[in-house]
Number of protein chains: 2
Amino acid sequence: MLKEERQQLILNEVDLHNRVLLTDLAEKLEVSIDTVRRDVKELDGGSKLRKVHGGAVSLGYTHTAARSSNVYALNEKMAIAEKAVGLLKEGAVVFIDGGTTCLEMARMIPPKLKLTCFTFSLPVAIQLAGMPHVDLIFIGGRISPESMISNGAYTIQRLAEVRFDYAFLGTGYVDALHGLTEFDWDVVQLKKAVIRASKKAVLLCISEKLNSQHRFKTCDINEINTMITELSPESNLLNLFRNQDLRLL
Amino acid sequence: MLKEERQQLILNEVDLHNRVLLTDLAEKLEVSIDTVRRDVKELDGGSKLRKVHGGAVSLGYTHTAARSSNVYALNEKMAIAEKAVGLLKEGAVVFIDGGTTCLEMARMIPPKLKLTCFTFSLPVAIQLAGMPHVDLIFIGGRISPESMISNGAYTIQRLAEVRFDYAFLGTGYVDALHGLTEFDWDVVQLKKAVIRASKKAVLLCISEKLNSQHRFKTCDINEINTMITELSPESNLLNLFRNQDLRLL
DNA sequence: TTATATCTTGCAGTATTTTGCAAGAAAATA
DNA sequence: TATTTTCTTGCAAAATACTGCAAGATATAA
């Protein structure tokens, strides 16, 4: 039997039952379990199934599951998040931005650390609301459906009334020369307001975004105090950022 | 059985009953209690359920709510929610309270109806944020972890700046003589502010709560314009409320 | 055709994950 | 407070996954 043929049968089986066991597949297709394991591994990452311990499940199956399963570059983001929570100090007043990296950070806040957290991101708020030791304040306003954050004049006004020890920010694009930039003008206005409201701004940014730019500018690099990537601070990729008054983590 | 399969079943169970005990899950899924405990722990932190002592509750059905009110009364709440969305008119500016019945209502908003919705409940906001036709505005403030709503002086101040066509409200307790009452003083202050900010107040209330009362008073029955229960408006159980200037649904 | 390179498959040994159990800690309950 | 239930932690057994390797299959080129 051809490999392609076998893989097609595997996809059919998953489509039909939403889940399959590797042992069942091996028996049904009359090949060793290693072979089906390799097949499933190849098919994993496609749009049809996801490999799990002991078998595979159809993509739609776990789609409703709670896990933030389909976060792009999850490992990198978790590495960044881990460094970021390292900066947190007992009793600090911090702001946490929306975006998946910041969401990971919120997830990783240690369970005993007392904090006051501000956010305007619904997913981040849901995370933090589950932490009784975190004093959570949501900055209200009109919620934009794509990003699940509040934005607009009202929100920006509210930001003028507070002052954070640290703001943990994401960005769409970042470049040593052009600073932090975004695709969306409204988002820029919002982030500007956050930076104005914070004593120290910490940028959480996967290395992929380094040296990219877009239309609208949030701020220069030197308005950021610390930049956290998943890379080692000594990495060559960070060279362009090294001669700035910027702490790299 | 695959782990993913099991976790999916747990989510279904939580979705269905809003609350599950670990011991029940272990029995139903035919695994040890440690295994379901670990599963629930993994699912916790996602957007579907929250782990509590001895079990798990769906988001929005908080710890305290799980104890003080009948979380199993999903059918009744859906019946109420259905009547409530019937009151919605294109272009209206409405407020939707926290609480499980109001959350059901948010879920049932028709997919074409253009609305402006205010809320201070994170679970409600998450629901509405997924509806592109709904203009959603979150009223910010300090989030109380049990109820996942913002509350406090700041929130109440914000409520003074708006005016709703309709406010859809829940209550802890209701009684024809003593009106709407609550266990929690802060909640009372908040609801008062909502009622002040709305032209018409609609109470969503399962019949179980009728003729119950508690320490702190939100308002008299005559400050409510419409009361919706899962009962027929002709039901004898509603007799005590009938001689008021109150529309029953 | 023959020789060579590449791909596929199964096997064996090792690593990792999952699961259930037990003992002590923590929390809820009376 | 005392008692019961639930939680956490560490551990061991079982299941599953990964890796390198070798034999066979297939493809390519001289």
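- Counted within 6.0 Å of CD on B:E30, heavy atoms from surrounding residues, nucleotides or ligands total 12 or fewer; the atom is thus considered open.
- Rounded to whole Å, the distance from NE2 on B:H53 to C1' on D:dT4 is 10 Å.
- Remark: A:I33 engages A:L22, A:T23, A:A26, A:V36, A:R37 in a side chain to side chain contact (heavy atoms under 4.5 Å, CB included) (not counting sequence neighbours).
- Considering CG of A:L43 and CZ of A:R6, their distance stands at 10.0 Å, rounded to 0.5 Å.
- When heavy atoms are screened at a 4.0 angstrom cut-off, A:V52 is found touching the sugar-phosphate backbone but no base atom.
- Atom P of nucleotide C:dT18 and atom CE of B:M1 are separated by 16 Å, given to the nearest angstrom.
- Here A:K41 does not reach the OP1 or OP2 of D:dA17: none of its side-chain N or O atoms lies under 4.0 Å away.
- In this structure, A:H53 has no side chain to side chain contact (heavy atoms under 4.5 Å, CB included) partners at least two apart in sequence or on a different chain.
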Any chance you could list the contact pattern along nucleotides 21-26 of chain D? Use B for base contacts, S for sugar-phosphate-only contacts and - for none, protein heavy atoms under 4.0 Å, 5' to 3'. ------
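- Rounded to whole Å, atom P of C:dA27 lies 17 Å from atom CG of B:L22.
- With sequence neighbours left out, A:R247 forms a side chain to side chain contact (heavy atoms under 4.5 Å, CB included) with A:L87, A:T226, A:L249.
- The separation between B:L2 atom CG and D:dT16 atom C1' is 11 Å, rounded to whole Å.
- Listed by residue number, B:V31, B:S32, B:D34 are the residues of residues 26-34 of chain B with a heavy-atom contact under 4.0 Å to DNA chain C.
- Under 4.0 angstrom from either OP1 or OP2 of C:dT9 there lies no side-chain N or O belonging to A:R37.
- Atoms NZ (B:K3) and C1' (C:dT19) sit 11 Å apart, rounded to a whole Å.
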Donor-acceptor contacts, no H, no angles, side chain residues 165-174 of chain A, under 3.5 Å, sequence neighbours left out:
{"residue": "A:D165", "atom": "OD1", "partner": "A:K199", "partner atom": "NZ", "Å": "3.1"}
{"residue": "A:D165", "atom": "OD2", "partner": "A:V93", "partner atom": "N", "Å": "2.9"}
{"residue": "A:T171", "atom": "OG1", "partner": "A:Y173", "partner atom": "O", "Å": "3.1"}
{"residue": "A:T171", "atom": "OG1", "partner": "A:E182", "partner atom": "OE2", "Å": "3.4"}

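- Using a cutoff of 4.0 Å between basic side-chain nitrogens and carboxylate oxygens, B:D184 and B:R215 are not scored as salt-bridged.
- A salt bridge does not link A:K77 to A:E230: none of the charged side-chain nitrogens sits closer than 4.0 Å to a carboxylate oxygen.
- One atom, CD of A:E4, and another, C1' of C:dT9, lie 14 Å apart when rounded to the nearest Å.
- Taking atom CG of A:L21 as the reference point, atom P of D:dA15 lies 13 Å away to the nearest angstrom.
- In this structure, B:R6 places its CZ atom 15 Å from P of D:dA15, rounding to the nearest Å.
- By the 30° and 60° cut-offs, the orientation of the rings of B:F183 relative to B:H214 is perpendicular.
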